[in-house]
Amino acid sequence: MSQGPKTQRLTVLMALPPPDPQFVLRGTSAPVHTLHFSCGGPEPDIPLLFSGSENGFIHVWNLKTHRVDTALDGHGRKSVYCVETMGGKDRLLSQGRDQRICLWDLAEGRTSVTDSVFTEHMGFCRCSLLKVAQGRWLMAMAARSLEEVQILELPSKTSVCTLKPEVGAKLGMPMCLKLWQLSCGSQPVLLAGYEDGSVVLWNVSMGKALSQLSCHQEPVMSLDFDSEKAKGISGSSEKVLSIWCLNEQQNLQVYKTHELVNAGISDITIRPDKKILATAGWDHRIRIFSWKKLKPLAVLDYHTATVHCVSFSDHSSPWDRLLAAGSKDQRISVWSIYAQT
Amino acid sequence: MAVFDTPQAAFGALRPVCVQLTRAQTVENVRQLQAHLAGVSGAALQELQEYVLFPLRFALRVPGPKQERLVQSLVQCISSVLAATCVKKQELLQELFSELCTCLAPPPSSVKAAPLSEELKLAVIQALHTLMHSAYGDVILSLYRPSSLPLLGFAVSLLLTLAEQEKAKQIKISALECLQVLVLQCDCQEHRQLDEDEEQQCGDLFASFLPGISITLSRVIAGDIKQGHKPTVSAIRLFYLIVGLVMADKQLARIPKSKEKLPVEHSRISELMIHRGSDWTKSTAEKLSLLLHKVVESSSVHPHWKVRLELVELVHHLLRNCSQSLVDSFSHLLKAVVGLVNDENSEVQSRCNKVLQGIAEQRIVAQNRALADVLSENLHSLATALPRLMNSQDDMGKVSTLSLLLGYLKLLGPKINIVLNSVSHLQRLSKALVQVLELDVTDVKIVEARRSEPPGPLQQGVQKGRCQKKYFRFFTEEKVFQLLQQVCRVLGYYGNLYLLVDHFMGLYSESGLYRKQAAMILNELVMGAAGVGVDFLQEREVPLNVDDLKGSITSILDEYMDQANWYLVTSVDTEESSPEQSEQHLGLAVRAGGASSSILLQSSEPPVTTRTMNSNIWQICIQLEGVGCFAAVLGKEFRLLLLSALYPVLEKAGDRTLLISETALGTLADICEACGYDSVQCLINENSDYLVNSISLNLRQLAYQPRASQVLDTMLRNSDASLLPLIEDVIQDVLSALDQSYNSQASTFLRVLHSVMTALVQWFGMPSAEEHQQRHSDKGQSRARSQGQHKVTMTSQEVEQFFLDYVSQKRIAEGDLPDLEEEEADEIPLAKPEPSSDTEGEAPMPSHAQLARDVMERCIHLLSDGSLRVRLKVLDVLELCVTMLHPHGNHLLPMAHRVWPALVTRLISDDPLAVLRAFKVLCTLAQTCGDFLRQRFSKDVLSKLTSSLLSQAPASARAGPVYSHTLAFKLQLALLQGLGSLCERLDMGESDLNKVADACLIYLSAKQPVKLQEAAQSVFLHLMHVDPDSTWLLLSEVCCPEGYEPPHPSLRPVKLSGMGRPRNELTDNVLLLLQRLQQQEGTGPRTSTQEASPS
């Protein structure tokens, strides 16, 4: 009898057909490493999705026609692994394996690189962008020397500070960064995941590490942070998701861990409304969890190779919102999960 | 006769006759006067008008009974005087008027004594007519003062009596015409236009006569048809003229609240006068409405078209002048006009149309709420009756009913929304339409007609999507359908599109009974909304909002292409495994084989009747037509919708039901035209990304796989190599889908794999090295680069080598021998390029070859499938794969190695058909993998094949004609046909060749069936190519027709065992073969044979 409800649920699950992507974007002809939506504009604006791929191209996808509007070539055919918009869809930031971060002007059909930053960083660490005022951004990026993170102000490119771990900390290279502030005007804070599996909280203005937490045995591949709940999540090449929180004394503490079926997480994103989160798995699958209790909600199985990145769209109407995932199999799958949750 | 131009001269001439007439009033005298009048000019007569008239009037006034003929001639004479002159005095006019009227009046004493003669009446009427025309300008108005009311009334009543009661047509017409003049509505242009006040006065005056005139006229109009059409026409005209005058909205609006007081002396007359106040107007309108109804009823069906035409004029006139006062009558009037739109007479038709157009253009309806109400009321009652009418009426009746409906809608124009906003109206209307449009779904042929098996590539010039001819349950006439179409389009044109689409979508999903009709209506609504093919009377007020249209179309498309509405059971054919069936009947289909399956299906499933299937087919067709319509309506805008719409349509283009696939092809053509693609090919090529997306998503679900593969199939047939990167992606999907369901879907996917490979072979069949590189941009480019470098180094090496050689040679020549060290140093540059050429060899395969390899991999698994069909297909695909992999030997060989065991099984123990195909594969393989195969073939296969041939030979030699139908025969034939070429391809060793030759020799026997003999011959012909000498020897051992003389006595004489043998069963064929061998090797016995002769 005790098996009753369980089997019932199982049959229900089996009866449901596996969820399908709403559509799939093809044509990057290279593995996709990063995705970024720009759909928040008012009606006549066409919703866009930017994708950066291994062949160095940034594709601008028109989400109405599902076709590439423009392909930007600015990283010397070296892999592009981070794309962000700055303000509207007309200003774009991209980071590539050519060790450059480019700023693009895309207004009125232009496709020119207006400025660029030479990072001298050899790793894969994506930079992190934070808008601090109208037309002023802070950008955190991995710097030339192994363990350092540098904070720049954009668009002036002036260096704000360089975050160096204490001598002998042996954190290894920074792997992922998340720059945030509690509210507009308050002090910017940086969360950085390192090669040795630890996550460090930095005070950007003082250039000082506030707290350090060892979350994983392996390098931290990705992290995201919810400043409202003061809670963050990180993934590595292990079978574990680690959830940690920030207490009032600005100390990082392990909140809980979540065991995964298959090892390896390449990207984690919390949905802007902080209700669910998505992970990009090395097992070719995208997993959706509830953010509150980390209850597994769905396994999106479509890709035939490692999923590199997941991204939620910024549509103003919740019904239009989408989830996109880019994979090594050169496809970008776009899912409408709002309809189901 | 002399003409008297001056008054004096005229006077002189006329005086005697006038005097004469005054003295004696005789017909003769009148005639004389008349005769003289002819000679007097008009100007002169004008001067003498009163003088001449005097004796005539005197004669009329003489008391006592008069001779009728005299009166007649007098009247005629007066008439001729008046015709030539003007009446310039009011008194004269009034007197003449009353005198003439008196002539018509029956003598008071002897009412019934002697009716007046018709000639007299006619003469008097004409005289009155002339009088009215001769009255000068303002003078005539003196007749229309309240004081003249009694006189006028008298005249009117006289004339009416004549018009109604006279038998003679001429009198009737004249009387009516005279009346028309009398009410100042003459047709001729001579009259002075009255100003507003004057008109108002006349209107007041005539109001008194209106009841009499209208009642009498309506009687005339509805009178005996035998009276001819002219009186009726005149009566109708008079009717609307007088009504239009008295009831004119313009005049009524100016009527003061209370009656004007007339001076006291006119008090009696004042009683006669009518005040056209609102009460009066209302009651009169009510009465007129009855009369009008009567008039319309009788004249709208009048056999003569001029009457009907006049009726149209009546409506036109009244609507223009009295649209407010007579509003209640308009339901009849409009009905009449609208109904006459489709009159059999073209003049009536065109006039009707013009009138309606005029009504619409002047926005009479749009600005008149009351009229709109009337119309919508009419519409409602018509809609209520419509289903019943459609059931009971014949096609002609339906045509008229529907044109009425259409007319109402057109007239309502933008006001249609008033009707549509009322739920009951809309419901009535839609129910009626839906019921009328019910299709006839009994035709079995629709279900039976299947597309011929191999679906060819979609033709360039697919005929433009014409709607399929539909058959309706309640009518057959095409005209009826056209009218219904127009009704829907007009609704769409003026109506609120969202409201209509919502409503009919509701009906669509409400019940399967309504679905087809609702879809048909929706299609037409959209066409109408876009203004395509709409016959409208007035432009709509709000121009079309494209976004609204797009929104509606998108929602309709979503509904149409919903799984439940798009994928319907259209056949019970399990063989072709249409997805829904394979889904539903999977279990059954496995159990029930062949013919019995359909019976089983029907007994266990809710019965799928022919009717249902027919209905389903039609529904799909209508929806497909809808897609075509939508495309046509949206034009290039439709390109955005291709994302979701193209795939389903393409799916249907591959449907096995003829009607569906034809319709879908038409739809594709429509889409091409609308979106500006040159051809269906173009359409598919440019949207292949959308298609690939849908295909790949559909492949994820077992039930949709057959459909998806069908579309992929179609796509492959219609695209070119440029699509490889996209298709590659989806083929990988197909392969992985296949991997998950080898059992159930193998045959479906094999078809796709087959077309994939066919396409690949077609695109990359003969790839030159350069083409390779171009097609595979990324890999190709790097490869091309490295190759380029390679080339350069090679040439530099060559040059270097050349010089080194030269130098060393020179040194040697000079006696300076190189020492070892130097030699080593020389070799270093040679060794350097080696690694690069190594990487060159391992360069990744082009993607099409990779695909071929992946497909081949699957073939290995499927080669031993249980179904022969599958195996045959696999062998076909395998052959294509092998062809594809030819240029990539180092990839083909390992694959061939893996295929081999399964292939061997096919070769030695399978159906003859499979053996034959396996042979073909073997032959293709042999082209590249000769060495690889030679050993294995002779080891694994050859002996089994030859022994089976040998063991079967006696049986076939003995067999009768029936044998050629047996499996054994087919197997023998297949082997014999294949072996020859195979031996040649594999370049087999001597012992193997001997084995083959031995096995085939017996089949050269004349006892064998002819086909086998021929096949055996072919084996030998091939052997001749491989090894002519041994073949010659072998054949000659059997039979040698000629002796060979050694060229030198020292040589031993040639002795062959075939020499001098008696003729046997093999002789014929062997001789034939030897002859061929001779031809092949040139004329005469070969010299080499002698050398090779056995020792």
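Letters A, B, ... mirror the listed sequences (proteins, then strands); counts begin at 1. All values derive from a computational prediction rather than experimental measurement.
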Side chain, backbone, both or neither: which part of B:Leu697 has a heavy atom under 4.5 Å from chain A? both
Chain A contact via B:Asn687 - which portion, at a heavy-atom distance below 4.5 Å: both
Taking the side chain from B:Asn693 and the backbone from A:Val24, do they hold a donor-acceptor pair closer than 3.5 Å? yes
Hey, what do you get for CG (B:Leu640) to CG (A:Asn62), rounding to the nearest 0.5 Å? 8.0 Å
CZ on B:Arg639 to OG1 on A:Thr65, rounded to 0.5 Å: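 Between A:Thr65 OG1 and B:Arg639 CZ, I get 11.5 Å after rounding to 0.5 Å.
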Will you find, in the side chains of A:Arg26 and B:Ser696, an N or O donor that is under 3.5 Å from an N or O acceptor?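 Yes, side-chain donor-acceptor contact under 3.5 Å.
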A quick test of your reading: do over 12 heavy atoms of other residues, nucleotides or ligands sit less than 6.0 Å from NZ of A:Lys328?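 Atom NZ in A:Lys328 is not packed in, count stays at 12 or less.
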If we define contacts as heavy-atom pairs under 4.5 Å, which of B:Asp733, B:Leu643, B:Asp729 has the most with chain A? B:Asp729
I'd like to know if B:Asp689 and A:Arg67 make a salt bridge, using a cut-off of under 4.0 Å between side-chain N and carboxylate O.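 Yes, B:Asp689 and A:Arg67 are salt-bridged.
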Name the member of A:His66, A:Lys64, A:Arg331 that forms the most heavy-atom pairs with chain B at distances under 4.5 Å.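 The option with the most such pairs is A:Arg331.
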